[in-house]
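Heads up: the structure comes next, in structure tokens.
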Amino acid sequence: MAEAEIRPEERTLVEWLDQMDGEAEAAKADYSRHWEENAKLVKGDGQWRSTRTPLFLMNIIGNQYERKVAQVSESKPTFAVLSRTATLGSAAKVLDKTCRARLEEENFPLRIERLARCGMVMGSGLIATLWSPLADDVQFVVYDPRAVYLDPGVTEAAQLSQQALYVRIDHVMPLHEISRLCPGRGSLVQADARYSGFQPKVAGRDHGVLSAVGRAIARPWKRQEGSKSGPFKRAVIKEYWVRDPDVGSFPGGRRIIRGDGLILKDDPNEYWDGEFPFDMLDWRMDLESPYGYDDIQDLKKIQEALNRVGDAVVRNALFNSQTWVIADTNALDPQAWKAVTNEGGLIVKKRPMRDFRREPPPALPAYLFQLIQALPGMADLLTGNADSAGRRAGKGAMDSILDGLQTAGSPLARMIARRIEALVARVGKRLISRIIQFYMTNRLLSYHDPSGELIEYLYERSKLLVDDEGKSLIADELPKLHNKFRFLVQPYSSMAMTKMQRAQVALGLWQATMGRAYPIRRVLEHADVGDPDMLIAEAQAEQNSGLVPPPAPPVKR
């Protein structure tokens with residue numbers, strides 16, 4: 001970019017942003033030093049630290065990674081939108097159905113899974129709740145932590161939007177997309193050779209454009225001699241969300257888009273909630289930083305020990321399982337020796353009249369095999385993947401259910417699940433604000449209820465802007481209307497095992513009390529198979545029709 005193209009009034013702003021970059025990058029360096037290694041270990045790269053080809057190799061880290069992520073994100077969290085006042089119950093129902101439809105249309109569980117994957121490998125993940133004018137809808141974007149730089153004054157991931165003075169996101173974008181995003185000034189951005197070229201594939205190593213872009217954000221690779229130009233020209237665009245000290249000009253903060261030394265956009269925060277649109281997940285809490293800790297470094301040495309012991313055992317077993325043939329070198333003529341092969345055994349030629357004996361080795365000690373079995377268990381202990389539920393014996397049915405609920409899943413997995421659910425609640429609060437601000441016209445939405453039935457729902461703006469008595473809300477109150485609603489997530493509902501065992505407990509209580517102390521509606525709520533009121537009404541209608549006989553009362557034991 002030519003020096004003359006930078007306007008004089010931009011220089012102070014660019015220098016200010018440079019100071020942010022230096023501060024944020026220095027604060028992040030210590031937490032991100034293992035991220036690249038962790039990503040390789042999960043894929044199975046770098047787990048054998050020797051030039052010799054191993055005979056035993058087990059990617060226990062990848063297995064633990066998939067199991068832990070599946071355990072904490074296997075079920076859609078159960079939530080409800082409720083009013084904080086006594087006069088907005090009907091508006092809360094409108095928002096509840098609208099949130100369900102939008103989360104399903106965006107396939108939000110996959111966003112949660114991606115956040116969990118980032119969290120286990122890099123200790124944190126970031127999701128943005130954005131309004132897209134192009135799509136004319138709310139969108140959820142999960143960012144790679146390697147592209148995120150935070151104000152070091154933030155000490156808690158859950159408080160990012162309240163504590164952070166600035167957040168920076170790096171985007172690798174093609175030039176034509178930059179020009180579309182920032183008309184006029186975007187055309188002045190020049191291509192960066194690090195992201196616009198590629199190395200031809202050599203000796204089985206892939207240096208394609210996509211892999212280059214994937215590595216560039218965390219550790220930009222330098223262009224090498226002989227690199228070829230790619231089909232698209234790309235550059236890095238830095239997006240800043242800043243709380244400006246001049247709150248009079250930017251009361252909700254400002255959004256700055258920068259291409260190298262050129263300011264492409266500098267706009268006030270458009271969102272009514274006045275917060276940055278980001279929510280952060282810290283996988284394992286760090287009391288001094290929002291980045292959190294990963295699980296991979298704890299598993300690295302266990303995997304290395306398992307592979308070394310396993311390789312030694314397999315190599316020893318293969319070597320000593322061979323049949324040995326010991327013969328004098330002149331026992332056969334040269335032509336006959338050519339017909340004898342080492343396949344299935346080992347042939348040793350000794351000189352005549354020279355002694356050569358093979359002593360069978362002692363049996364491998366039992367503790368080696370015990371160690372091989374114990375090491376995966378140690379990995380389960382560290383990650384919380386051990387299956388501890390449903391292993392009780394000698395107890396009554398009710399006792400087993402209650403005990404199972406207390407021990408369902410590992411406390412470590414439950415802790416992560418609760419952290420994810422807290423993040424979903426924060427995202428839901430942001431979604432409520434976006435719906436109130438941007439859903440200005442009626443929309444036909446749809447979502448699936450827990451029983452799998454497709455529900456079509458007409459969002460009507462007019463029903464959102466009236467209270468339960470039919471009175472219209474004051475227009476000046478709309479920017480703060482989102483504060484009158486709560487987005488509540490049921491604890492541990494993102495773990496399928498917990499959902500199932502809650503339903504079992506509820507059913508057991510209903511049966512034990514014969515329905516007198518525990519209502520069937522609560523059983524249906526925990527089972528999460530549909531709207532409880534609708535299911536009860538349908539069941540009563542069937543019984544009244546005479547087609548279905550009423551159920552027999554539970555037998556008291």
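All values reported here derive from a predicted model rather than from experimental measurement. Position 1 is the first residue of the sequence, and the numbers go up from there.
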Over 12 non-hydrogen atoms of neighbours within 6.0 angstrom of CZ in R418 |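 Above 12, so yes.
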Verify the neighbour count for atom NZ of K93: are there more than 12 heavy atoms of other residues, nucleotides or ligands below 6.0 Å?
->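 Check fails, neighbour count at 12 or below.
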Just so I know, are the side chains of [X] and [Y] near enough to count as touching, which here means a heavy-atom distance under 4.5 Å?
| X | Y | result |
| --- | --- | --- |
| L299 | I60 | no |
| V72 | W283 | yes |
| D96 | F487 | no |
| I416 | K68 | yes |

Hey, does the Lys NZ or Arg CZ of R434 hover above the aromatic six-ring of Y439, less than 6.0 Å from the centre and inside 45° of the axis?
->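 The answer is no; the distance or angle limit is not met.
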Quiz item: cation-pi between K28 and Y149, 6.0 Å / 45° |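 Judged by the rule (NZ or CZ under 6.0 Å from the ring centre, within 45° of its axis), K28 counts as positioned above Y149.
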Qualifying residue for side-chain hydrogen bond (donor to acceptor under 3.5 Å, both in side chains) with E239, from K265, R168, H171 = H171
Just by distance, with hydrogens left out, do [X] and [Y] show a side-chain donor and acceptor under 3.5 Å apart?
| X | Y | value |
| --- | --- | --- |
| N59 | Y65 | no |
| Y166 | E23 | yes |
| E106 | Q139 | no |
| N385 | Q64 | yes |
| E453 | H448 | no |

Below 4.0 angstrom, N of the basic side chain to O of the carboxylate: do [X] and [Y] qualify?
| X | Y | answer |
| --- | --- | --- |
| D18 | R258 | yes |
| R67 | D380 | yes |
| E456 | K97 | no |

Would you give the length of the straight line joining atom OG1 of T98 to atom CD1 of I436, rounded to the nearest 0.5 angstrom?
->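 Separation between the atoms: 10.0 Å.
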Of L412, D294, D295, the residue whose pairing with R284 passes side chain to side chain contact (heavy atoms under 4.5 Å, CB included) = D295
Please state whether the rings of W241 and Y271 are parallel, tilted or perpendicular, taking 30° and 60° as the class boundaries.
-> parallel
